[in-house]
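Order of the sequence lines fixes the chain letters, A, B, ..., with proteins taken first and strands second; residue numbering starts at 1 for each chain.
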2 protein chains.
Amino acid sequence: MRISELSERSGVSVASIKYYLREGLLHRGERTSPNQARYDESHLHRLRLIGALTDVGGMSVAATRELLAMIDGERRPELQDLMGSTLKRIDAQGGHRPDVEEADLAEADALTRRHGWYVHAGSPLREELARVITAFHRSGFELDRDWLDGYAEAAEQAARRDHDLVSDTDDLDEILKIVVVGTVLGERLLATLRRLAQASEAQRRHGDRRIEPRS
Amino acid sequence: MRISELSERSGVSVASIKYYLREGLLHRGERTSPNQARYDESHLHRLRLIGALTDVGGMSVAATRELLAMIDGERRPELQDLMGSTLKRIDAQGGHRPDVEEADLAEADALTRRHGWYVHAGSPLREELARVITAFHRSGFELDRDWLDGYAEAAEQAARRDHDLVSDTDDLDEILKIVVVGTVLGERLLATLRRLAQASEAQRRHGDRRIEPRS
DNA sequence: TCATTCGGATAGTTACTCTATCCACTATGG
DNA sequence: CCATAGTGGATAGAGTAACTATCCGAATGA
């Protein structure tokens, strides 16, 4: 098919497709002449994946390109690197990092140790966890230990589910894709479910009571 | 204190503080003369909160303003509205919404029904859940029912923890603040913990095995 | 044939988040 | 009391991200 049909079928504008081609998120079509190319189903799938990662996953185009490059096997990472790399969609362009306090790093380490998690000392995830803890503190919250542990258990449960899914297959390409997409989309899924559960829990505990305007 | 001291103590540049003032995220200082104002601790706290929400929470300035307005009690929302509104940080400016497929809405409803969650038919969360499910499908995944339920249980566990925290107090202002900050920062916390748990689980299941380059 | 469409390059647009400059005025050290 | 550095506020500019529009010459298709 040609670019206009690809555009129609994917719902992505021709201009945007060209943009993704330029940016290297989408592989070029097969050239049939110096200025004519043919696209196929693989391009359609790729566009859908790009849409899922950017729209729902909230990833930047740059971060999406990196992730897709990993899926394509151009740079085969360790699982840890891969998860660290997806952090970049929050960092935006990874420029600034609010300083992490030493005490919060210690709190982060204590948490992971309580749960018996293996965390490399230089892991970006370790820093990120400390940063989130710092953010809580600077917002005026002291973190309850039980609350943190509850969250960690919830995270563990989700992670176990992810790996159960992976265990079904031996195809490395498929595993990688599941991990990548599962990390990004699974995060949105978990966040949305948490909000639903919160709203439902509020209903359950407080019935129809609303938060009233202040007197 | 004057603006330069506020800047030093908060680590936010004077220009940025002025920007937040302009944008209505930060309340004006007490004017002591036509062109002189005094700032206090409340401004410092607010700046820290802004930093937590934007840097760690990844929220836009516009979305942050809305959330802060709710905390300030200018518009007292229901819990559901409030959670829905935080979705906006993904929407960016709420412009485009990828169409949700009917079947995915049904799948979303089935999921919430299985868990006995109360979800209003017009809830933005219901649509968002369907959208995430659509994103999975369009990325080439069929969602395993057990996997989804596992995620839902994890979300429920996290939500219960949040409400345990809220139950400690009767101060509506405090509850609102906990819900808002807890929703945004808690999401980052849960996401980070999930990645840590994933990495750790990978280690546990596969030992030192790496993903090797393709032969 | 001849208007339409194509791929590709380049330039322009919009939105967001700051940052820099300007101004009239104020506080302060000497 | 004066020089100078700092202040609040307004306005304009800068940098980035993610498109979007325009242009071109070649190629397709009725």
Side-chain angles (χ1 to χ4, degrees), chain A residues 1-40 43 47 50-66 68 88-96 98, chain B residues 1-40 43 47 50-66 68 88-96 98:
Chain A
M1 78 187 85
R2 283 171 304 179
I3 203 168
S4 64
E5 190 183 342
L6 182 62
S7 168
E8 267 174 47
R9 289 228 267 156
S10 65
V12 179
S13 75
V14 172
S16 292
I17 292 175
K18 288 180 175 183
Y19 170 61
Y20 293 146
L21 285 168
R22 270 201 312 283
E23 293 296 313
L25 274 71
L26 186 63
H27 46 295
R28 298 260 166 205
E30 189 189 351
R31 284 165 304 288
T32 60
S33 71
N35 64 337
Q36 210 83 165
R38 200 157 6 102
Y39 302 93
D40 58 25
H43 295 88
L47 279 176
I50 291 169
L53 293 176
T54 57
D55 293 347
V56 178
M59 290 181 60
S60 72
V61 167
T64 304
R65 175 177 44 228
E66 280 185 47
L68 291 173
K88 291 204 180 112
R89 90 173 165 300
I90 291 301
D91 292 351
Q93 75 269 29
H96 69 316
Chain B
M1 77 188 86
R2 283 170 304 177
I3 203 169
S4 63
E5 189 182 343
L6 182 62
S7 169
E8 267 173 48
R9 289 227 268 158
S10 65
V12 179
S13 75
V14 171
S16 292
I17 291 175
K18 287 181 174 182
Y19 172 59
Y20 293 144
L21 285 167
R22 268 201 311 286
E23 292 297 313
L25 274 72
L26 186 63
H27 47 294
R28 299 262 168 203
E30 189 190 350
R31 284 166 303 288
T32 60
S33 71
N35 64 334
Q36 210 82 166
R38 202 159 2 106
Y39 303 93
D40 58 27
H43 295 88
L47 280 176
I50 292 169
L53 293 175
T54 57
D55 293 346
V56 177
M59 291 181 61
S60 73
V61 167
T64 303
R65 174 178 43 229
E66 281 187 46
L68 291 174
K88 291 205 179 111
R89 90 174 163 299
I90 293 299
D91 293 350
Q93 74 271 27
H96 71 316

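- Nearest-nucleotide positions on DNA chain D for Met1(B) and Arg22(B) put Met1(B) closer to the 5' end.
- Place Ile3(B) and Lys18(A) on DNA chain D by their nearest nucleotides, and Ile3(B) ends up nearer the 5' end.
- Atom CD in Glu30(B) sits about 13 Å away from atom P in dG8(D), given to the nearest Å.
- Within the nucleic acid shown, Arg38(B) has no heavy atom closer than 4.0 Å to any nucleic acid atom.
- For Val61(A), the side-chain atoms get nearest to dA18(D) when compared with the rest of dT28(D), dG25(D), dA18(D).
- If you check dC19(D), dA27(C), dC6(C) against the side chain of Arg2(B), the one that comes closest is dA27(C).
- Judged purely by atom type and a 3.5 angstrom limit, Arg38(A) has no side-chain atom pairing as donor or acceptor with the backbone of Thr32(A).
- When distances are taken from the side chain of Ser4(A) to each of dC25(C), dT5(C), dG9(D), the shortest belongs to dT5(C).
- Listed candidates were dT19(C), dG8(C), dT28(D). Nearest to the side chain of Ser33(A) is dT28(D).
- No side-chain donor-acceptor contact under 3.5 Å links Thr54(B) to the backbone of Met59(B).
- The shortest distance between the side-chain N/O atoms of Ser13(A) and the OP1/OP2 oxygens of dC19(D) is not below 4.0 Å.
- Distance from the side chain of Ala15(A) is smallest for dA21(D) among the nucleotides dA21(D), dC18(C), dT26(C).
- The Gln36(B) side chain lies nearest to dA27(C) when the options are dA27(C), dG9(D), dA27(D).
- Here Tyr20(B) reaches the OP1 or OP2 of dC18(C): one of its side-chain N or O atoms lies under 4.0 Å away.
- Nearest-nucleotide assignment on DNA chain C puts the 5′-proximal partner with Tyr19(B), out of Tyr19(B) and Pro34(B).
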